[in-house]
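Structure first, commentary second.
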Amino acid sequence: AEYMGTMKVAGLLVFINDVHSLGLANTEGLQLADSWYWNQDDASRKFAKRFFEKYKRMPSSLQAADYSAATNYLKAVQAAGTTDGDKVMATLKGMKIDDFYHKGQIRADGR
């Protein structure tokens with residue numbers, strides 16, 4: 001059987017930094033999948049604005065995820081009153097995560 005449609009390539013590991021590096025002429029029309037985008041909602045835009053003021057570029061999903069993870073870890077350390085890994089992890093599992101990157105919680109099984 002012959003394929004009669006059109007095919008589009010989607011970048012599955014492409015970040016906003018890559019688009020900037022390659023330039024709009026090379027990335028125009030590119031479809032991609034990403035876990036987060038700086039302009040997706042008010043909370044994301046607020047974080048992105050703070051990031052831009054410091055670095056003069058918008059954050060990638062990796063930079064946003066790292067900031068979210070570090071911030072939530074530090075909140076758990078503060079709440080647990082210790083840096084002991086088991087106690088901090090127990091605190092993290094009991095916390096609701098609600099920030100610009102993610103809303104949810106860590107399941108009891110760690111997933």
Side-chain angles (χ1 to χ4, degrees):
E2 185 176 320
Y3 180 72
M4 300 301 288
T6 59
M7 190 182 286
K8 290 189 176 188
V9 175
L12 300 179
L13 191 59
V14 178
F15 303 102
I16 192 170
N17 325 50
D18 300 322
V19 174
H20 293 160
S21 296
L22 295 168
L24 290 177
N26 294 318
T27 57
E28 183 177 10
L30 174 68
Q31 295 186 21
L32 59 100
D34 207 340
S35 61
W36 181 87
Y37 184 64
W38 70 266
N39 197 22
Q40 67 188 21
D41 57 32
D42 288 340
S44 296
R45 285 187 286 276
K46 183 178 177 183
F47 168 74
K49 181 181 180 198
R50 287 191 352 257
F51 187 95
F52 185 86
E53 287 170 357
K54 184 165 183 164
Y55 298 105
K56 304 303 180 217
R57 64 176 183 248
M58 290 305 185
S60 72
S61 58
L62 293 178
Q63 291 159 328
D66 288 348
Y67 185 89
S68 173
T71 301
N72 282 291
Y73 167 77
L74 291 172
K75 287 178 186 176
V77 166
Q78 185 176 33
T82 181
T83 57
D84 176 83
D86 291 334
K87 291 178 182 175
V88 172
M89 193 65 208
T91 302
L92 274 169
K93 289 178 182 178
M95 289 173 44
K96 296 281 186 199
I97 296 174
D98 185 3
D99 64 14
F100 68 93
Y101 186 79
H102 184 73
K103 292 172 185 15
Q105 65 188 74
I106 300 172
R107 297 178 355 181
D109 64 6
R111 293 179 178 204

message = Could you measure the distance from the CG atom of Leu74 to the OG1 atom of Thr83? Nearest 0.5 Å is fine.
response = 11.0 Å

message = According to a hydrophobic-cluster definition based on side-chain heavy atoms being under 4.5 Å apart (Ile, Leu, Val, Met, Phe, Trp, Tyr only), do Tyr37 and Leu62 belong together?
response = no

ask   = If you group Ile, Leu, Val, Met, Phe, Trp and Tyr by side-chain heavy-atom gaps below 4.5 Å, do Ile97 and Phe47 land in one group?
value = no

task = With sequence neighbours excluded, tell me which residues meet side-chain contact (heavy atoms from CB on, under 4.5 Å) with Ala43.
result = Asp41, Phe100

ask   = Quick one: salt bridge (charged side-chain N to carboxylate O under 4.0 Å, His left out) pairs with a partner in residues 92-108, sequence neighbours left out?
value = Asp98-Lys103, Arg107-Asp109

inquiry  = Rounded to the nearest 0.5 Å, what separates atom CD in Gln40 from atom OG in Ser35?
reply    = 8.5 Å

query = side chain to side chain donor-acceptor pair (under 3.5 Å): which pairs involve residues 46-57, sequence neighbours left out?
reply = Arg50-Tyr67

task = Could you tell me which residues satisfy salt bridge (charged side-chain N to carboxylate O under 4.0 Å, His left out) with Arg45, sequence neighbours excluded, listed by chain and number?
result = Asp42

query = For Tyr101 and Ser61, does a side-chain donor sit closer than 3.5 Å to a side-chain acceptor?
reply = no

message = As an exercise, state the distance from CH2 of Trp38 to CZ of Phe51, rounded to the nearest 0.5 Å.
response = 12.5 Å

task = State the CD1-CE distance between Ile106 and Met95, to the nearest 0.5 angstrom.
result = 7.5 Å

Atom CD of Gln105 with >12 non-hydrogen neighbours under 6.0 angstrom = yes

task = Mind listing the closest non-hydrogen atom pair of Thr91 and Ala76 along with its distance?
result = CG2-O, 3.7 Å

ask   = In chain order, what residues pass the side-chain contact (heavy atoms from CB on, under 4.5 Å) check against Asp84, with sequence neighbours excluded?
value = Thr82, Asp86, Lys87

side-chain contact (heavy atoms from CB on, under 4.5 Å) between Leu92 and Met89, intermediate numbers included = CA-CA 5 Å; Leu92 274 169; Met89 193 65 208; 4.2 Å; yes

Show which side-chain atoms of residues 17-30 pair as donor or acceptor with protein atoms under 3.5 Å away, not counting sequence neighbours.
from  : atom 1 : to    : atom 2 : distance (Å)
Asp18 : OD2    : Phe15 : N      : 2.8
Ser21 : OG     : Asn17 : O      : 3.0
Asn26 : ND2    : Leu22 : O      : 2.8
Thr27 : OG1    : Gly23 : O      : 2.9

